Amino acid sequence: KDEPEDLQQILTYCRDSLHYSVKTGHPYFFNQAGIDVVSLMGDCLASAANSGMYTYEVGPVFVLMENSVLKQMMNLIGYSSGDGILSPGSLFTDEGSCFTRTWNRQYHLS
């Protein structure tokens, strides 16, 4: 198509996408644990802010929130200090663990 879609058509595509999508928040959807309202609101907030969350300069509030969560998690398991990241999903976590293991093995860190 040579011409871009108008806004009304894009909104129709959005409505259709939602209409035909699996309703994972429905009480009769049993494939996952259901909807977590706090996580949903966090996702909406991150999307609405439309800001990067990878450095303090572009996403200071989100970096501070991540640091606060990490500090609370370390306290729960008995660490007085430490570092970490909140990973967005299993693939990223698996990759991170492979890189950490390779780095650890190569430089004999443990």
Side-chain angles (χ1 to χ4, degrees):
K1 188 170 182 175
D2 293 331
E3 297 295 318
E5 299 284 1
D6 64 0
L7 182 58
Q8 198 58 45
Q9 183 60 47
I10 292 171
L11 290 174
T12 299
Y13 291 149
C14 292
R15 272 190 226 98
D16 288 348
S17 296
L18 290 174
H19 177 74
Y20 293 110
S21 292
V22 174
K23 311 299 184 277
T24 57
H26 192 280
Y28 295 140
F29 181 76
F30 297 112
N31 191 27
Q32 298 173 12
I35 193 165
D36 178 7
V37 177
V38 175
S39 296
L40 176 64
M41 295 313 303
D43 190 43
C44 290
L45 177 63
S47 295
N50 193 28
S51 108
M53 293 177 247
Y54 41 86
T55 66
Y56 185 79
E57 289 78 14
V58 296
V61 173
F62 297 111
V63 171
L64 293 173
M65 286 170 48
E66 182 177 42
N67 288 342
S68 176
V69 170
L70 288 170
K71 186 175 182 178
Q72 290 179 5
M73 291 172 64
M74 286 184 281
N75 286 335
L76 282 174
I77 60 173
Y79 285 16
S80 59
S81 65
D83 198 6
I85 60 169
L86 301 178
S87 84
S90 62
L91 177 62
F92 185 80
T93 304
D94 292 344
E95 264 184 353
S97 65
C98 289
F99 292 142
T100 301
R101 178 63 184 142
T102 301
W103 183 269
N104 190 7
R105 183 176 281 173
Q106 183 175 353
Y107 294 102
H108 309 290
L109 299 176
S110 61

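If you read the sequence from its start, that first residue is 1, and numbering goes on from there. Bear in mind the structure is a predicted one, so any value in this text is a computation, not a measurement.
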* **D16 atom CG, over 12 foreign heavy atoms within 6.0 Å** => yes
* To do: Dump the intermediate steps for side-chain contact (heavy atoms from CB on, under 4.5 Å) on Q9 and Y13, then the final yes or no.
  => CA-CA 6 Å; Q9 183 60 47; Y13 291 149; 2.9 Å; yes
* Give, for atom CG of L70 and atom CG of N75, the distance between the pair rounded to the nearest 0.5 Å. =>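 These two atoms lie 11.0 Å from each other.
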* If you group Ile, Leu, Val, Met, Phe, Trp and Tyr by side-chain heavy-atom gaps below 4.5 Å, do V69 and L45 land in one group? ->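 Cluster IDs for V69 and L45 differ.
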* Asked: Same cluster or not: are M73 and I77 linked, directly or through other Ile, Leu, Val, Met, Phe, Trp or Tyr residues, by side-chain heavy atoms under 4.5 angstrom apart?
  ->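 Looking at the clustering, I77 is in the same group as M73.
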* **T12 and R15: CA distance, side-chain angles, deciding distance, side-chain contact (heavy atoms from CB on, under 4.5 Å) verdict** => CA-CA 5 Å; T12 299; R15 272 190 226 98; 3.9 Å; yes
* To do: Please assess M65 against L86 for the test side-chain contact (heavy atoms from CB on, under 4.5 Å), listing each intermediate value before the final yes or no.
  => CA-CA 11 Å; M65 286 170 48; L86 301 178; over 6 Å; no
* Asked: Between the main-chain N or O of C44 and the side-chain N or O of S47, is there a donor-acceptor pair closer than 3.5 Å?
  ->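 It does not hold such a pair.
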* Is a donor on one side and an acceptor on the other found under 3.5 Å between the side chain of K23 and the backbone of Y28? -> no
* Intermediate values then yes/no, side-chain contact (heavy atoms from CB on, under 4.5 Å), V63 and N67 -> CA-CA 6 Å; V63 171; N67 288 342; 3.9 Å; yes
* Structure fact -> When every non-hydrogen atom of V22 is compared with those of F29, the smallest separation belongs to CG1-CE1, 3.4 Å
